[in-house]
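Each remark here refers to the structure printed beneath this line.
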Amino acid sequence: MTAVLVAMVSTIALPGGTSTAADAEGPAAIPGPACQGLARSLTARATDVEKVGQLFIPWVTTPTEDGPTELERRRIQERGYGSFNFNGGTLHGPEHAAHYTNTLQRWAADTRLGIPVLPTMDMEIGAAHRFSVMGPGPGKATPLPYPMGLGATRDTEAAATSARITADEARAIGFAMNIAPVADVNTNPTNPVIGVRSFSEDTDLVSDLIAAQVREYQAHGVIAMPKHFPGHGDTNLDSHTDLPTVSYDRRTLERVHLAPFEAAIAAGTDSIMTAHVVVEAVDPDLPATLSKKVLTGLLREDMGFDGLIVTDSMSMAAIRDRWGMGGAAVMAFQAGADMIMASDDESYDAILGAVRSGEIPRKRLDESVQRIIELKCEYGLFDDRYVDPARATATFGTPEHLDAAERISRDSVTLVANDGALPLSAEGAQRIVVTGATHGGTADQLPDLVSETEARTDATVVDHGWDLAGQPTDAQIAEVVQAAETADAVLVGTFSKATSPPQQTALVTALAATDTPVVVLSLGLPYEIADYGDVDGAVATYAVDLWGSPSRSAVLAGLDVVFGEQPGGTLPVSLGEDYPFGHGLTY
């Protein structure tokens, strides 16, 4: 495994003594041989129950202000669970998060072996991605652009800065593993699950940004987990609900989809997450998560990866509905996975039973357990498992973090089309109709486009918008068109998961037929812009994922560009023939 630099660690507790590292003012290199020895010693002393517990990453989903529940305590102290993955809404701010992870660590310290837990979260756009409390402001998670926005910047330093901010805020609340970055190359515009979570359709660009983020996460104390191996970017089904299959040949797999994972491995990534996708070029029968040909043959042997292999959530329908939770857990471990993302007792009991029956050799079990413990040691969890809640609050949403997020977001916004309508004027007596997807609805973190437009102009702003997930009726479209006839400009917030929904397209088309300048502010995937034909202006923000979860900083940066700030992005994906990869205008 790769030795990492962890700024928070000053010493490492070892059997029989303490090894001193560099002072706490700077990064301290964790001695690899010392961690290997610790991992071997603890694995040799562990019972089957304690070993099997280390393999699992259960979800924490209970939104309690009081911290962890009795369920988490039992999982740690009775079943040996060694990691936890936090869902959105569970944590209510950095101080609460710090107390939460500290409690988990205290329970782990009170076990026979005292192995620390590994708090984990999906932080694709910073801690804001799974936090109920986002920016702006001190004590709130810094909202960063989605990967596709970073791809639009073409800037590896921007990607690295985003990773550094995420890692700093994550470690401040006790998290040492991020289920990111997304290494999938989004070659299928209708992909129903990846979308703006991918950096680009271009393999080289994805590879460069993946390597930059892996290095930065791990240099700042957070294990990176590039996903979803060996690639989820060309699927047309969502593995949360079905089992996707990709039929491209081995050459395409290697040149397009594996290259970012190779870049991640070369950058020293310490973990990789699997995909619930059947890759016919390697194994036409089993999804990658359950395939020994993919995990052991391709990833371990052909590509030389020796870090942690972690499954995607085993409760997703692609796995659960076909193989069952217990059977799939055993299959994934036998295929080569080290850690199983599952919360159910059936999966735990199935692996424990397979170990005791000899179906899973204890040597194979020990290999994975040693990898896990060694990595916990390398990232300083044995020596410094607790965090300071006051420091956590002070680390979140600092002026430096927020300034960087604003700058990167501005650099990501792409001016796709402009027939002279943009920028909209911030001064003078005028009337602007704001319509389309303007309000958050269930995604209540979306900045309100109407009030944010009012904050940027002296114009009279007329609200004809609706929730992000809503679509206009024919009557609403007629009403908006009538309002547009007497307006100086129309700003349409649009949100699509790939192509524009029919009623949204009808709205934009009807508005474009008026004599009033029409500007589209694309909030989600930008492919929709090609559906709108002759609009007077179009701005891509890449700000909302396929589930409606927004990056606040990217939405606000898009509005800033509409009102005259210089856009910095170029398209990371192709939008038909009119707007190719790399296209982008400026003022």
Side-chain angles (χ1 to χ4, degrees), residues 1-4 6 9 11-19 30-58 75-84 104-105 107-120 176-177 223 225 270-272 295-296 299-300 305-311 329-330 332-342 347-385:
M1 291 185 181
T2 305
V4 296
V6 183
V9 179
T11 59
I12 304 169
L14 299 174
T18 297
S19 173
I30 307 303
C35 287
Q36 291 169 9
L38 176 62
R40 283 194 299 268
S41 172
L42 289 172
T43 301
R45 293 168 56 198
T47 65
D48 289 344
V49 167
E50 290 166 333
K51 291 177 183 178
V52 170
Q54 289 296 310
L55 307 180
F56 280 89
I57 310 178
R75 281 177 165 169
I76 292 170
Q77 297 190 336
E78 296 174 12
R79 303 205 112 190
Y81 276 90
S83 301
F84 290 89
L104 296 178
Q105 296 291 13
W107 287 340
D110 199 32
T111 61
R112 187 176 70 90
L113 297 179
I115 300 171
V117 297
L118 181 60
T120 301
M177 180 181 276
I223 301 164
M225 193 187 298
D270 281 319
S271 74
I272 285 176
L295 301 190
T296 298
L299 183 54
R300 284 268 188 244
F305 179 63
D306 64 355
L308 287 181
I309 299 177
V310 183
T311 74
V330 173
F333 191 76
Q334 289 174 323
D338 297 297
M339 301 188 80
I340 312 295
M341 192 171 292
S347 296
Y348 179 104
D349 292 341
I351 289 195
L352 182 60
V355 169
R356 288 173 170 171
S357 71
E359 183 181 358
I360 292 176
R362 281 186 168 79
K363 180 181 179 182
R364 167 71 183 89
L365 176 65
D366 288 355
E367 288 173 358
S368 290
V369 173
Q370 285 180 32
R371 282 193 184 102
I372 295 163
I373 296 175
E374 184 178 339
L375 207 55
K376 289 179 179 183
C377 174
E378 288 186 354
Y379 281 81
L381 292 174
F382 278 89
D383 179 70
D384 195 11
R385 70 179 73 198

Would you find a donor on one side and an acceptor on the other, under 3.5 Å apart, between the side chain of [X] and the backbone of [Y]?
X: Lys51; Y: Val369; result: no
X: Gln105; Y: Val117; result: yes
X: Tyr348; Y: Val49; result: yes
X: Ser368; Y: Leu365; result: no
X: Arg371; Y: Ile309; result: no
X: Thr311; Y: Met341; result: yes

Please round to the nearest 0.5 Å and tell me the distance separating atom [atom1] of [X] and atom [atom2] of [Y].
X: Phe305; Y: Thr296; atom1: CZ; atom2: OG1; value: 12.0 Å
X: Tyr379; Y: Ile223; atom1: OH; atom2: CD1; value: 5.5 Å
X: Arg112; Y: Gln77; atom1: CZ; atom2: CD; value: 14.0 Å
X: Leu352; Y: Phe56; atom1: CG; atom2: CZ; value: 9.0 Å

Pair Arg300-Asp338, salt bridge (charged side-chain N to carboxylate O under 4.0 Å, His left out): steps then yes or no: CA-CA 12 Å; Arg300 284 268 188 244; Asp338 297 297; 2.7 Å; yes
Beyond-backbone contact of [X] with [Y], side-chain heavy atoms, under 4.5 angstrom:
X: Glu374; Y: Leu38; value: no
X: Glu378; Y: Leu375; value: yes
X: Ser83; Y: Met177; value: no
X: Leu295; Y: Gln334; value: no
X: Val52; Y: Arg79; value: no
X: Pro58; Y: Phe84; value: yes
X: Leu42; Y: Phe382; value: yes

Worked verdict on Gln54 versus Lys376 for side chain to side chain contact (heavy atoms under 4.5 Å, CB included): CA-CA 11 Å; Gln54 289 296 310; Lys376 289 179 179 183; 2.8 Å; yes
Step-by-step side-chain hydrogen bond (donor to acceptor under 3.5 Å, both in side chains) determination, Arg45 to Ser41: CA-CA 6 Å; Arg45 293 168 56 198; Ser41 172; 4.6 Å; no
Identified side chain to side chain contact (heavy atoms under 4.5 Å, CB included) partner of Ile340 from the options Ile57, Val330, Ile351, Val310: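 By the side chain to side chain contact (heavy atoms under 4.5 Å, CB included) criterion, Ile340 pairs with just one of Ile57, Val330, Ile351, Val310: Ile351.
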Positive for side chain to side chain contact (heavy atoms under 4.5 Å, CB included) with Ile372, one of Leu308, Leu118, Thr43: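 Exactly one candidate clears the test, Leu308.
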Heavy-atom closest pair, residues Val355 and Arg362: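 Of all heavy-atom pairs spanning Val355 and Arg362, the closest is O-NH1, 3.8 Å.
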